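Below: one structure, written as C-alpha cells.
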Amino acid sequence: MTAQYRPGDEQDALWQASAGLEVIVADLCGRLQPFPAFLGMTTIQAIELDPTPAPLSDLGCVVVTPDGVIAELDVTAIPGVVGVLEVDQVEEFRLLELPVSARLTYLTEAVRVLAAEIARRQG
C-alpha cells in the first residue's frame with residue numbers, strides 16, 4: 001500500500017530524505033580507507049564539496065569528513081617556529097546548521113564525489 005500525500009508533509013519528507021542520505025554518506029566514507037587528504041595536505045582528511053549551483057553563497061570551503069560529517073573547513077596560517085617552519089597552520093571543522101534544502105544539496109554532492117572516488121580506486 002502506498003502512503004498518501006498529505007499537504008504539509010513536504011518538510012518531513014525532506015528531513016527523512018536528508019537522514020537517509022546521511023546514512024549513505026557515512027557508509028561510503030567508511031569504505032574509503034585511507035580517506036583522501038585535502039588538497040594534498042597530510043594533516044587534513046576531507047573531500048571538498050562544490051555543488052553547482054551552490055545553495056548558499058556565504059559559506060567557505062564545505063567538506064565531508066571521514067566520519068561523514070558535512071562541515072565548513074577553515075585553515076588559518078600562523079607564524080611557525082623561526083628557522084624550523086616559517087608558517088604553520090591551524091585547521092578547524094565547523095559543523096553547519098543548514099536549511100534542509102541546502103543540506104540535501106551537499107549530501108547529494110557528497111554521495112556523488114564519494115562514489116566517484118570509490119569507483120576510481122576500484123579501477
Side-chain angles (χ1 to χ4, degrees):
M1 180 173 172
T2 311
Q4 285 192 331
Y5 169 77
R6 293 177 292 169
D9 288 345
E10 294 90 358
Q11 287 300 310
D12 286 340
L14 293 175
W15 281 109
Q16 288 175 0
S18 175
L21 283 173
E22 287 173 359
V23 171
I24 294 168
V25 167
D27 177 62
L28 292 172
C29 286
R31 295 182 195 185
L32 285 174
Q33 299 299 326
F35 202 81
F38 180 75
L39 298 178
M41 296 181 204
T42 58
T43 58
I44 304 174
Q45 290 182 309
I47 298 175
E48 184 173 8
L49 301 176
D50 192 18
T52 304
L56 301 172
S57 61
D58 60 338
L59 296 177
C61 181
V62 178
V63 298
V64 60
T65 65
D67 54 355
V69 172
I70 305 297
E72 188 173 19
L73 173 61
D74 182 29
V75 179
T76 304
I78 58 173
V81 178
V82 177
V84 178
L85 296 174
E86 296 299 321
V87 178
D88 205 352
Q89 67 187 27
V90 175
E91 306 95 20
E92 179 185 5
F93 291 100
R94 285 190 298 274
L95 296 180
L96 294 173
E97 295 293 328
L98 298 170
V100 68
S101 59
R103 184 154 194 77
L104 282 168
T105 300
Y106 281 108
L107 287 166
T108 301
E109 177 71 358
V111 168
R112 188 189 69 73
V113 298
L114 292 165
E117 179 63 17
I118 290 168
R120 186 189 70 75
R121 289 184 184 187
Q122 291 173 346

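Excluded from the calculations below are hydrogen atoms, water molecules and symmetry mates; all remaining heavy atoms, backbone and side chain alike, are included. The first residue of the sequence shown is numbered 1, and numbering continues consecutively from there. Everything quoted here is computed from the prediction, not taken from an experiment.
Here CD of E109 is found 12.0 Å from CG of L21. Values are rounded to the nearest 0.5 Å. Taking CD of E117 as the start and CZ of R112 as the end, the distance is 12.0 Å to the nearest 0.5 Å.
Looking at every heavy atom in both residues, L49 comes nearest to A110 through CD2-CA, 3.6 Å.
The local environment of CD in Q33 is crowded, with over 12 non-hydrogen atoms from other residues, nucleotides or ligands closer than 6.0 Å.
Across I70, T65, D74, a single residue satisfies side-chain contact (heavy atoms from CB on, under 4.5 Å) together with F93, and that is T65. Of the candidates L96, V111, L59, L59 is the only one forming a side-chain contact (heavy atoms from CB on, under 4.5 Å) with Y106. Checked against V64 for a side-chain contact (heavy atoms from CB on, under 4.5 Å), the options V25, V69, L107 give a single hit: V25.
Of the possible polar contacts, one joining the T108 side chain to the L104 backbone as a donor-acceptor pair under 3.5 Å is found. With hydrogens and angles disregarded, a donor-acceptor distance shorter than 3.5 Å links the side chain of E72 to the backbone of G60.
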- Task: May I have the step-by-step check of side chain to side chain contact (heavy atoms under 4.5 Å, CB included) for L32 and R121, ending in yes or no?
- Result: CA-CA 9 Å; L32 285 174; R121 289 184 184 187; 3.6 Å; yes
- Message: I'd like to know whether R31 forms a side chain to side chain contact (heavy atoms under 4.5 Å, CB included) with L28, so could you lay out the CA-CA distance, the side-chain angles of the two residues, the decisive distance to 0.1 Å, and finally the verdict.
- Response: CA-CA 5 Å; R31 295 182 195 185; L28 292 172; 4.2 Å; yes
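Follow the hydrophobic side-chain contacts under 4.5 Å out from I47 and you never reach L39; the two are in separate clusters. Under a hydrophobic clustering in which Ile, Leu, Val, Met, Phe, Trp and Tyr are joined whenever their side-chain heavy atoms come within less than 4.5 Å, directly or via other members, F35 and V113 fall into the same cluster. In terms of hydrophobic clustering, with Ile, Leu, Val, Met, Phe, Trp and Tyr side chains grouped at heavy-atom distances under 4.5 Å, V63 and I118 are assigned to different clusters.
Side-chain contact check for C29 versus L114: some heavy-atom pair is nearer than 4.5 Å.
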